[in-house]
2 protein chains.
Amino acid sequence: MEKKEPQLCKVEDTLNILTGKWKPIILFHLLVNGTQRFSELKRAIPGVTRKMLTTHLRELEEQDIVLREVYPQVPPKVEYSITEYGRTIEPILDAMHEWGAKHLEHMNSTEHQERVKEKQS
Amino acid sequence: MEKKEPQLCKVEDTLNILTGKWKPIILFHLLVNGTQRFSELKRAIPGVTRKMLTTHLRELEEQDIVLREVYPQVPPKVEYSITEYGRTIEPILDAMHEWGAKHLEHMNSTEHQERVKEKQS
DNA sequence: CAGGATCCACGACGATACTG
DNA sequence: CAGTATCGTCGTGGATCCTG
């Protein structure tokens, strides 16, 4: 294995947790709406399949970001929620949301558009 | 196209900018060491190919995170640096680095290891 | 020196069918 | 209801060769 800057690995670790097509939106719903059943999450996230929802939820559970509670009954009932520890990542999501919003503005700003035009010439 | 929570889209936009196998380490080197030539970056990042380095640098340039300066001479000389705007993302990288470090501790903590053991039984 | 062009491998994701 | 199993697709990244 190659060696990397130790500083950097941690950034990539954090990235790995958030990376996955549905993970941000899953976290968003659990953070905003609290505990939710599997089917509630599925309904709340249009386009996600059961497979991907399961996969991503299990990965988040492994990371101790999400808590999975199974109620042994028929029909089955499984509830998901953010762990106390999982909430520590919320500030990062907020920061990313804010920066992302500013970024969209920036990319549409006049100055940037003009720089783009220059390059084309 | 499906509609998504507007809040969320911005998080994903930010994620998209940092996502790419070499992007974090590229940004790290440019932030720490300042302006660097293509070959300097390549040497500083073991394992990266010219192709991927070029690809990622160009993407970062499109996002106005990185500045690319070509010196018209033979042999060619191209320098890359973080734009002033690009530096606005540094706090997020720092936050991710800190959280990542804490996360590694957390996953190795006694309490977490015990939770893992419980699940296995 | 700093690329561009091709071709290829692999893993993430998706569609569908089946199940306790 | 909340999954699992299987198969197919597609995009990211890598290997290699060529060029101004």
Side-chain angles (χ1 to χ4, degrees), chain A residues 1-2 4 8-9 11-27 29-30 33 35-63 66-81 119, chain B residues 1-2 4 8 12-27 29-30 33 35-63 66-81 119:
Chain A
M1 293 294 291
E2 319 143 12
K4 292 187 194 171
L8 195 60
C9 299
V11 172
E12 284 167 350
D13 288 328
T14 305
L15 238 22
N16 284 337
I17 288 171
L18 279 331
T19 297
K21 183 164 179 186
W22 308 98
K23 283 184 187 172
I25 200 172
I26 288 172
L27 293 177
H29 279 289
L30 290 178
N33 302 323
T35 302
Q36 283 187 269
R37 296 185 58 163
F38 184 84
S39 51
E40 289 179 307
L41 276 174
K42 177 150 169 35
R43 248 177 290 114
I45 305 176
V48 73
T49 61
R50 283 190 299 267
K51 178 191 171 182
M52 289 317 298
L53 190 51
T54 304
T55 303
H56 284 162
L57 281 168
R58 294 293 167 85
E59 286 172 8
L60 291 168
E61 188 194 8
E62 292 248 333
Q63 306 290 334
V66 157
L67 178 65
R68 176 171 182 264
E69 292 174 290
V70 182
Y71 296 79
Q73 64 187 39
V74 183
K77 173 179 173 184
V78 181
E79 286 186 340
Y80 292 92
S81 56
K119 303 244 165 181
Chain B
M1 294 296 291
E2 320 142 12
K4 293 187 193 169
L8 196 60
E12 283 166 350
D13 288 328
T14 305
L15 239 21
N16 284 339
I17 288 170
L18 281 330
T19 297
K21 183 164 178 184
W22 308 97
K23 283 184 188 171
I25 199 172
I26 289 172
L27 293 176
H29 279 290
L30 290 178
N33 302 323
T35 302
Q36 282 188 269
R37 296 185 58 164
F38 184 83
S39 51
E40 289 179 308
L41 276 174
K42 177 150 171 35
R43 249 178 289 113
I45 304 176
V48 75
T49 60
R50 283 190 299 271
K51 177 193 172 183
M52 290 316 299
L53 191 51
T54 303
T55 304
H56 284 162
L57 281 167
R58 294 294 167 87
E59 286 171 7
L60 291 168
E61 188 194 8
E62 291 248 334
Q63 306 291 333
V66 158
L67 177 66
R68 176 171 181 264
E69 292 174 290
V70 182
Y71 296 80
Q73 63 185 40
V74 182
K77 174 179 171 184
V78 181
E79 286 186 341
Y80 293 91
S81 55
K119 303 244 165 182

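Each chain gets a letter, A, B and so on, in the order the sequences are listed, and its residues count up from 1.
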Inset, instruction - Calculate the interatomic distance between A/Glu40 atom CD and D/dA2 atom C1'; express it in whole Å. - result: 13 Å

Inset, instruction - Specify the separation, in whole Å, of atom CH2 of A/Trp22 and atom C1' of C/dC13. - result: 10 Å

Legend entry - A/Arg50 vs D/dT4: side-chain N/O to OP1/OP2 distance below 4.0 Å: no

Inset, instruction - To the nearest 0.5 Å, tell me how far B/Arg43 CZ sits from B/Arg37 CZ. - result: 9.0 Å

Inset, instruction - Mind checking B/Lys42 for me? I need base, sugar-phosphate or nothing, with any heavy atom below 4.0 Å counting as a touch. - result: nothing

Inset, instruction - Would you tell me if any nitrogen or oxygen in the side chain of A/Ser39 comes within less than 4.0 Å of OP1 or OP2 on D/dC1? - result: no

Inset, instruction - Starting at atom CD1 of B/Ile45, determine the distance to atom P of C/dA2, rounded to an integer number of angstrom. - result: 13 Å

Inset, instruction - Could you state the atom-to-atom distance from CG of B/Leu41 to C1' of C/dC1 in whole Å? - result: 14 Å

Inset, instruction - Measure the CD-OG1 distance between B/Glu59 and B/Thr54 for me, rounded to the nearest 0.5 Å. - result: 11.0 Å

Legend entry - A/Thr19 vs A/Pro76, nearer the 5' end of DNA chain C by closest nucleotide: A/Thr19

Legend entry - Proximal nucleotide (of D/dA2, C/dC13, C/dG3) relative to the A/Arg37 side chain: D/dA2

Inset, instruction - Look at the side chain of A/Lys51 against the base of C/dG14 and say whether a donor-acceptor pair falls under 3.5 Å; ignore hydrogens and angles. - result: yes

Inset, instruction - Output the distance between atom CG (B/Leu57) and atom CD1 (B/Ile26), rounded to the nearest 0.5 Å. - result: 4.5 Å

Inset, instruction - Could you tell me whether A/Tyr80 contacts a base, only the sugar-phosphate backbone, or nothing, with contacts defined as non-hydrogen atoms closer than 4.0 Å? - result: sugar-phosphate

Legend entry - Least distance between heavy atoms, B/Leu18 atom then B/Pro24 atom: O-CD, 3.7 Å

Inset, instruction - Grab the NZ-C1' distance between B/Lys21 and C/dA12 for me, whole Å please. - result: 15 Å

Legend entry - Interatomic distance where CD1 belongs to B/Ile26 and P belongs to D/dG13 [whole Å]: 10 Å

Legend entry - Closest contact, heavy atoms only, B/Ile17 versus B/Lys23: O-CD, 3.2 Å

Inset, instruction - Could you state the atom-to-atom distance from CZ of A/Arg58 to C1' of D/dT4 in whole Å? - result: 10 Å

Inset, instruction - Compare the minimum distances between each of D/dG3, C/dG14, D/dA15 and the side chain of A/Thr49, then state the nucleotide with the smallest one. - result: C/dG14

Inset, instruction - Find the distance B/His56:NE2 to D/dG11:C1' and express it as a whole number of Å. - result: 12 Å

